[in-house]
Amino acid sequence: MKVGIVMGSKSDLDVMMPAADTLESFGVEVEVRVISAHRTPDLAAEWAGTARERGLEVIIAGAGGAAHLAGVMAAMTPLPVIGIPVKSRSLEGLDSLLSMVQMPSGIPVACVAINGAKNAALLAVQMLALKYPELAEKFDAFRAKQTADVEAITVIK
Ligand code: RP5
């Protein structure tokens, strides 16, 4: 089980690392790279184009501003791509969100919330759980614990 995590800049690391942490908590291996759709376009094409043969099964891509990275990944691989719009300095991530979510028909990106790294990882786990029964069991346990934790804190008296 292996997920690729890619981001447009080192400045995205703090937002993106919770995706790696979450995946690793489920026992999913990660390959983490900084690759820019604009600054290193050839590397972006090569990395995405060889992702499946390297054993990756899902790609999580985060970028901010003119956030084209997830779309470029999706254009270059048949693997499912989950996009994380990273909160930008000037427009609070609305630019990233709109840029990432408006993919042309035929090349989808599953776009989560602004800075939604944890949910991106959980979505990847859900995809992989369709193939790996042991991961499905872990995900069921995670959901049951989450429900129990929320129920516990909503009982005030
Ligand atoms: C995007 O531009 C990156 O994904 C990052 O979110 C944003 C700013 O990048 P830096 O200028 O901090 O390298 O490409």
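Note that this is a predicted model, so its numbers are computed, not measured. Counting convention: from 1, in listed order, for ligands and their atoms alike.
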So which residues, sorted by chain and number, lie with a heavy atom under 4.0 Å of ligand 1?
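Only G8, S9, S11, D12, R39, A63, G64, R89 have heavy atoms that fall under 4.0 Å of ligand 1, ordered by chain and number.
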For V150, what are the other residues in its hydrophobic cluster, where any two members join if their side-chain heavy atoms are less than 4.5 angstrom apart?
none
Side chain of S96, backbone of G65: donor and acceptor closer than 3.5 Å?
yes
Sequence neighbours left out, what pairs pass ring pair (Phe, Tyr, Trp, His ring centres under 6.0 Å) with at least one residue falling in residues 20-45?
F26-F142, H38-H68
Among residues two or more places apart or on two chains, list those pairs meeting side-chain hydrogen bond (donor to acceptor under 3.5 Å, both in side chains) that have a residue in residues 14-25.
none
Are L23 and I5 packed together at the side-chain level, in the sense that at least one heavy-atom pair is separated by less than 4.5 angstrom?
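In short, these two side chains touch, coming nearer than 4.5 Å.
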Taking the side chain as every heavy atom from C-beta outward, state whether M16 and I60 have any pair of such atoms under 4.5 Å apart.
yes
